[in-house]
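All values below were derived from every heavy atom in this structure, side-chain atoms included, with hydrogens, water molecules and symmetry-related copies excluded. Every number for a ligand or one of its atoms is a count from 1 in the order of the listing.
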Amino acid sequence: MVQLQKPPYVYMNGRITAWDEAKIHVGSEALIRGISVFEGIKGYWNHDSSAFSLLAIPAHFQRLNRSAMLQHLPFSMSFEEFRDACLSLVNKLLTRERDLWLRPTIFAIEGHWGLDTVSDLVITCYHQEKMRPEPIEIGISTWQRPFDHSLPARIKSAANYQIGRFARIEGRRQGFRDMVLLNQWGRIAEATGSCVLMVRNGCIATPPPYEGCLESITVNIVESLCKRVGIPFERRPIDRTELLVADEIALAGTLMELGVVSRIDWRRMPSSTPLIDRVREEYWACVRGERQDPAVHLTVC
Ligand code: PMP
């Protein structure tokens with residue numbers, strides 16, 4: 001889980017701002033209709049703590065642009081301006097031996113029903129322990145990923161996380177840390193903040209975005225790592241019952257990284273997860289700069 005400890009600074013209105021001064025008006029569409037889109041970017045100390053890098057900034061910038069466009073939020077920053085905004089906050093908050101998680105969010109600060117919208121990029125940033133995720137127990141939610149024509153999963157909008165919040169509250173009551181959301185066809189869409197990976201017959205499979213999941217940057221990295229280490233990888237629809245008989249399950253996302261699932265609903269999973277472990281080792285080595293992969297883009301800060 002993210003430790004949401006209050007950092008002293010945020011980036012807002014084009015500059016570094018004290019946390020207590022970072023305010024949004026109560027009348028803004030950001031608040032009254034929940035109009036905002038965001039990204040989560042992870043920053044890692046490398047293996048010998050000699051450098052700190054942000055993972056996949058170009059991919060996050062591109063997805064933020066796509067989300068903003070689909071949500072009709074003006075956003076005209078160049079990539080360089082965006083990267084420098086992230087770096088300026090990292091330089092303010094970086095401490096030895098703690099990783100960072102940045103949350104760039106575009107808020108609708110003025111405008112009404114999409115008319116005369118004015119937006120602002122706010123970046124918050126939180127310290128993270130340098131730990132690998134523990135195995136997690138997950139359930140299957142009664143809440144559903146909506147259709148693309150009602151609340152598109154492709155847009156990383158705050159509104160999308162309403163459903164995830166319902167699901168996590170439901171899951172907590174049942175003792176689960178996270179929940180799988182099914183789509184309108186009753187198949188696997190994704191978890192509340194990550195995508196679902198499943199191993200069957202020696203192949204790693206994950207649902208494609210048209211099944212109701214975010215276009216995940218981590219899954220793209222996993223696909224590339226699989227190709228390099230020779231593990232078959234496919235994107236295809238996954239039934240609920242197929243997930244329940246999987247050989248291995250993991251959740252994949254920027255913050256989750258690659259988290260092994262030890263229990264799905266009523267089923268305890270086998271403790272051995274050789275394929276997921278192989279990809280996890282590769283992922284860790286790449287994000288910490290020990291090995292290189294063309295899909296793992298690091299920006300040294
Ligand atoms: N689905 C949801 C709902 C998410 O919030 C995330 C995290 N951004 C993901 C999937 C995984 O996306 P990514 O690998 O790009 O972090």
Side-chain angles (χ1 to χ4, degrees), residues 1-2 4 34 36-44 54-68 70-71 86 99-106 123-124 126 128 133 136 138 140-141 143-146 148 151-168 171 177-183 187-198 204 206-226 233 235 238 249-259 261 276 279-280 283-284 286-287 293 295-298:
M1 288 294 265
V2 199
L4 290 181
S36 68
V37 295
F38 70 102
E39 281 299 315
I41 301 177
K42 191 82 197 273
Y44 290 95
L54 292 176
L55 175 62
I57 314 189
H60 284 289
F61 177 71
Q62 283 163 15
R63 191 170 63 190
L64 187 62
N65 268 288
R66 293 197 298 272
S67 292
L70 288 166
Q71 189 81 69
C86 293
D99 292 334
L100 292 175
W101 182 66
L102 278 74
R103 192 183 196 284
T105 305
I106 302 174
I123 311 175
T124 46
Y126 304 93
Q128 295 275 291
I136 65 166
I138 63 173
I140 299 177
S141 181
W143 294 97
Q144 226 180 49
R145 261 283 157 259
D148 185 63
L151 192 56
R154 181 169 280 105
I155 308 178
K156 196 165 165 59
S157 64
N160 250 321
Y161 291 80
Q162 288 277 341
I163 320 276
R165 188 168 179 271
F166 286 147
R168 278 211 194 182
R177 266 216 15 231
D178 204 345
M179 298 294 270
V180 170
L181 296 162
L182 302 178
N183 61 23
R187 295 193 293 263
I188 309 304
E190 60 182 346
T192 61
S194 50
C195 284
V196 177
L197 303 177
M198 168 196 85
I204 296 185
T206 191
Y210 63 74
E211 290 287 289
C213 60
L214 188 68
E215 294 179 338
S216 160
I217 293 162
T218 315
V219 169
N220 289 346
I221 293 175
V222 167
E223 182 174 25
S224 170
L225 298 180
C226 282
F233 177 94
R235 297 177 196 254
I238 297 174
I249 303 175
L251 299 182
T254 299
L255 199 52
M256 172 63 69
E257 296 165 334
L258 289 169
V261 171
I276 296 295
V279 182
R280 259 158 63 99
Y283 187 85
W284 278 92
C286 289
V287 298
D293 185 278
V296 181
H297 182 284
L298 295 176

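Residue contacts with ligand 1 leave out Cys213, since none of its heavy atoms falls under 4.0 Å from the ligand. Ligand 1 has Cys195 within reach: a non-hydrogen atom of the residue lies less than 4.0 Å from it. Within the structure, ligand 1 has Lys156 among the residues with a heavy atom less than 4.0 angstrom away.
Only the side chain of Arg63 comes within 4.0 Å of ligand 1, counting heavy atoms alone; its backbone N, CA, C and O stay farther away. Contact annotation: for His60 versus ligand 1, there are no heavy atoms closer than 4.0 Å.
For the salt bridge (Lys or Arg N to Asp or Glu O under 4.0 Å) criterion with Glu215, the lone passing option out of Arg235, Arg63, Arg66 is Arg66. Tested against Leu64, the residues Ile106, Thr105, Ile41 include a single side-chain contact (heavy atoms from CB on, under 4.5 Å) partner, Ile106.
In summary, the atoms of ligand 1 found under 4.0 Å from a heavy atom of Leu214, numbered by their order in the structure, are 1 (N), 4 (C), 6 (C), 8 (N), 9 (C), 10 (C), 12 (O). Residue Thr192 approaches ligand 1 through these ligand atoms, each under 4.0 Å from one of its heavy atoms: 3 (C).
Here the straight-line distance linking atom OG1 of Thr192 with atom CG of Asn160 works out to 11.5 Å at 0.5 Å rounding. With rounding to the nearest 0.5 angstrom, the CD atom of Glu211 is 10.5 Å from the OG1 atom of Thr206. The structure places CG of Leu102 at 11.5 Å from CG of Leu55, a figure rounded to the nearest 0.5 Å. Rounded to the nearest 0.5 Å, atoms CZ (Arg165) and CZ (Arg168) are 11.5 Å apart.
Summary of contacts: the protein heavy atom closest to atom 2 (C) of ligand 1 is Glu190 OE1, 3.4 Å. Regarding atom 5 (O) of ligand 1, its nearest protein heavy-atom neighbour is Tyr161 OH, 2.4 Å. Ranking the protein heavy atoms by distance from atom 16 (O) of ligand 1 puts Thr254 OG1, 2.6 Å first. For atom 6 (C) of ligand 1, the nearest protein heavy atom (residue, atom name, distance) is Gly193 O, 3.2 Å.
Scanning Ser194, Gly212, Gly253 for the heavy atom closest to atom 9 (C) of ligand 1 points to Ser194.
Considering backbone and side-chain N/O atoms, Glu215 never comes within less than 3.5 Å of an N/O atom of ligand 1. For ligand 1, the polar-atom distance check against Ile217 finds a nitrogen or oxygen pair separated by under 3.5 Å.
Between Phe166 and Trp143, the ring planes are parallel. Angles under 30° get that label, and only those over 60° would be called perpendicular.
Contact annotation: the side chain of Cys86 approaches that of Ile123 to within less than 4.5 Å [non-hydrogen atoms, C-beta and beyond].
Under 4.0 Å is where a charged nitrogen must lie from a carboxylate oxygen, and between Glu190 and Arg145 at least one such pair does.
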